[in-house]
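Notes follow the structure.
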There are 2 protein chains.
Amino acid sequence: MNLKQLSQMLGLSQTTVSRALNGYPEVNRETRERVLKAVQETGYRPNKAAQRLATGKAGSIGLVMPTAPGNPTDLHFGEFLTGLGEEALRHDFHFVVTPADPNDEVGALKRLAVSGNVDALFVNYMRGHDPRLDMLKSLSMPFLVHGRSIGSEPDYPFLDIDNEAAFYDATKLLLQLGHRRFALLNGPMYLDFAIRRKNGVDAALAERGLALDEACISHTAMTDEQGLLVMERILQLDKRPTAILCSSTVLALGAVRAINQAKLKLGEDISLIAHDDVLTLLKPENFTVPLTTTRSSLRAAGVRIAERLIAGIKHTETFPEQELWKTELIVRASTGVAPAE
Amino acid sequence: MNLKQLSQMLGLSQTTVSRALNGYPEVNRETRERVLKAVQETGYRPNKAAQRLATGKAGSIGLVMPTAPGNPTDLHFGEFLTGLGEEALRHDFHFVVTPADPNDEVGALKRLAVSGNVDALFVNYMRGHDPRLDMLKSLSMPFLVHGRSIGSEPDYPFLDIDNEAAFYDATKLLLQLGHRRFALLNGPMYLDFAIRRKNGVDAALAERGLALDEACISHTAMTDEQGLLVMERILQLDKRPTAILCSSTVLALGAVRAINQAKLKLGEDISLIAHDDVLTLLKPENFTVPLTTTRSSLRAAGVRIAERLIAGIKHTETFPEQELWKTELIVRASTGVAPAE
DNA sequence: TCATTTCCTCAAAGCGCTTTGGCTACCCAC
DNA sequence: GTGGGTAGCCAAAGCGCTTTGAGGAAATGA
């Protein structure tokens with residue numbers, strides 16, 4: 001069933017039917033109702049591809065899903081997607097998800113953009129000096145960045161959390177508790193958030209004339225395996241750190257396991273603060289020793305980003321171009337006074 | 001840059017350029033190379049919507065993502081999507097993801113199907129007597145079901161794991177270890193896999209003249225919170241069970257926490273077997289007491305499903321229509337001989 | 001030399017929709 | 001009674017691609 005058939009059935013022109021459907025004013029109330037009724041009965045749905053071709057609008061948001069055989073599934077991605085979906089549902093939008101090799105993000109994004117399949121683009125997993133930014137800016141298609149790209153002019157629309165402040169504050173707290181030897185279990189070094197978090201730690205330590213020992217910094221994938229491995233290594237150091245900062249509760253999961261296995265008491269022998277993306281599965285309060293965290297909901301970010309992107313497509317944008325969300329510092333039992341030497 | 005412009009640039013007709021691009025034989029080698037070179041230089045990409053309209057093919061797989069505000073993110077969904085993506089990448093396919101209220105899965109699926117945006121459909125979270133099946137069959141579009149629908153004629157293409165056998169075997173093992181009182185932490189009652197798993201348990205118990213106590217069966221969302229809650233309740237029963245079956249390692253995560261809090265020893269006071277979807281985050285071997293599991297990789301299922309769907313679209317299908325994967329029963333430390341009364 | 005085949009190319013139709021630019025009644029005011 | 005407005009409808013163009021049906025040129029055969 002297509003427009004032509006429907007309009008013939010009704011004895012109307014395609015124009016009128018189309019207008020009736022799309023809420024244009026110049027169609028008689030009676031006629032409109034007749035059309036709507038026929039749509040109900042026949043189950044007619046406009047062909048999206050044709051609509052897209054005619055209007056240039058597709059009602060869809062494009063995003064790239066990094067994936068490669070063997071790569072671990074990223075819990076954070078799913079959580080974010082849930083938020084995105086929640087908002088998209090309200091506006092009858094959908095996503096076009098292009099899987100891409102992590103080494104070909106630029107290419108995948110470009111393909112998506114010129115495919116004519118999407119109205120707006122969304123990018124995340126931002127890197128320092130991210131090459132995708134230039135491409136996006138040249139594209140004349142709304143886009144939104146989750147995160148930022150250190151080293152690039154911040155002249156693009158983004159939503160980010162204040163990673164630097166989060167980790168600055170967390171470090172500060174630990175310093176006040178008397179800790180002097182720190183370790184940082186961070187995400188991959190090339191990612192923007194990892195860089196900023198490290199900067200935050202460095203800044204707080206520098207104020208006290210301290211610095212992170214190279215052996216106490218790790219940049220790994222955000223999996224609990226890596227957390228375990230790194231933590232095991234760190235615990236064997238001569239002067240082992242008493243304060244641990246983790247870029248994710250997922251990393252913390254492994255780190256805590258290592259700490260338990262070493263028969264150390266979390267919050268007493270060793271303190272730990274993790275960043276909490278409010279993952280459904282992994283609540284810091286559910287750890288055996290509840291975790292002190294810096295918190296910002298990834299899912300809420302997804303909702304907000306969908307909201308802004310859709311507004312951008314519909315040209316009803318009234319949102320600020322750039323948002324920097326503060327994180328909350330939530331103190332639980334995993335942080336305590338530094339043990340006596 | 002579109003076909004028209006490109007062909008004008010080259011002094012060729014649109015037809016010839018189109019044919020050159022799509023590998024038709026009736027175009028001169030030289031001409032083809034000239035076209036390809038121009039494409040390289042100009043960065044021309046065919047408009048997908050137009051292509052879709054003209055050919056009826058979109059190079060995309062449609063799927064519905066259940067989502068509602070407040071609903072927990074489903075870890076299993078992300079893991080599966082990773083597998084799907086991994087395979088789709090190899091064939092230059094993408095997904096169209098429609099978020100949908102869990103109560104409107106039929107409607108969402110229908111919208112997706114008639115939208116003209118997708119070439120094939122995929123459905124999961126199958127229910128008993130699933131209403132989507134009739135719709136799919138009437139659609140003349142390739143589709144594939146992950147799971148099955150008990151109560152419906154099994155005359156549709158599916159990929160499922162043998163849930164009944166998995167839980168039958170697991171129960172059997174526990175029986176052999178001397179356990180007589182069982183509990184089952186299951187997924188939502190209306191879902192097919194949950195029904196079958198319960199059937200498996202029932203069957204094995206029935207062979208020994210045993211049955212599940214109503215108080216020892218739970219049907220909940222597959223979150224660790226629910227696992228904790230249910231397990232806490234079960235542990236307070238008068239004659240508490242000594243053998244626990246869990247429909248997911250996510251549920252097990254909570255259940256184990258409850259067991260620990262009750263100061264019971266897993267594998268001694270109480271035995272537990274969980275189904276392991278091979279979630280990246282949650283490895284049964286990483287539990288403090290490694291978990292005995294029935295195992296089947298959700299991600300592998302994703303890969304396989306993408307493979308079959310894409311073959312279906314390209315009409316190169318040589319795969320069986322219906323696949324039932326056996327699960328592995330992997331014995332670790334969470335199962336032990338039943339404690340003496 | 002002319003007819004036939006082969007190779008390459010083209011013009012135009014069509015996919016299903018939106019939108020532009022009329023066109024026809026009909027009503028109102030002067 | 002005539003001119004201008006407006007409400008309601010329509011025909012046709014166009015979005016960018018693929019594909020059908022033809023046709024011209026070169027090569028082959030009789």
What I want to check is whether the side chains of [X] and [Y] have a donor and an acceptor closer together than 3.5 Å.
| X | Y | value |
| --- | --- | --- |
| B:T73 | A:E79 | yes |
| B:T15 | B:S18 | no |
| B:E86 | A:T67 | no |

With a sphere of 6.0 Å drawn around NZ of B:K4, does it hold more than 12 non-hydrogen atoms of other residues, nucleotides or ligands?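 Atom NZ in B:K4 is not packed in, count stays at 12 or less.
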Would you say that more than 12 heavy atoms from the other residues, nucleotides or ligands in this model lie under 6.0 Å from the CD of B:E26, or not? yes
Measure the distance from CZ on B:R29 to P on C:dT9 and round it to the nearest whole Å. 13 Å
Interatomic distance where CZ belongs to B:R34 and P belongs to C:dC8 [whole Å]: 14 Å
Is the distance between the ring centroids of B:Y125 and B:H146 less than 6.0 Å? no
Of A:T31 and B:R45, the one whose nearest nucleotide on DNA chain D sits closer to the 5' end is A:T31
Taking DNA chain C as the partner, which of residues 14-28 of chain B come within under 4.0 angstrom of it by heavy atom? B:T15, B:T16, B:R19, B:E26, B:V27, B:N28
In residues 47-62 of chain B, which ones come under 4.0 Å of DNA chain C, going by heavy atoms?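 Correct list: B:L53, B:A54.
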Bounds of contact between DNA chain D and chain B, in 5' to 3' order, using a heavy-atom cut-off under 4.0 Å: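 Contacts span D:dG16 to D:dG21, reading 5' to 3'.
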Should the pair [X]-[Y] be classified as a salt bridge under the 4.0 Å nitrogen-to-oxygen rule?
| X | Y | result |
| --- | --- | --- |
| A:R148 | A:D130 | no |
| B:E33 | B:K37 | no |
| B:R299 | B:D277 | no |

Would you work out how much the helix from C:dT1-D:dA30 to C:dC30-D:dG1 bends between its ends, with each end axis defined by five base pairs, to 10 degrees?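 It comes to 60° between the two terminal axes.
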B:R111 vs B:D104, salt bridge (Lys or Arg N to Asp or Glu O under 4.0 Å): CA-CA, chis, key distance, verdict: CA-CA 11 Å; B:R111 257 170 287 150; B:D104 185 32; 2.6 Å; yes
Taking salt bridge (charged side-chain N to carboxylate O under 4.0 Å, His left out) as the test, write out the residues that go with A:E87, two or more places apart. A:R90
Residue list, ring-ring contact (aromatic ring centres under 6.0 Å, His included) with A:F158, at least two apart or on another chain: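 Testing A:F158 for ring-ring contact (aromatic ring centres under 6.0 Å, His included), a comparison that skips the adjacent residues, returns A:Y156.
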With rounding to the nearest 0.5 angstrom, report the CD1 to CD1 distance, B:I305 to B:I61. 10.0 Å
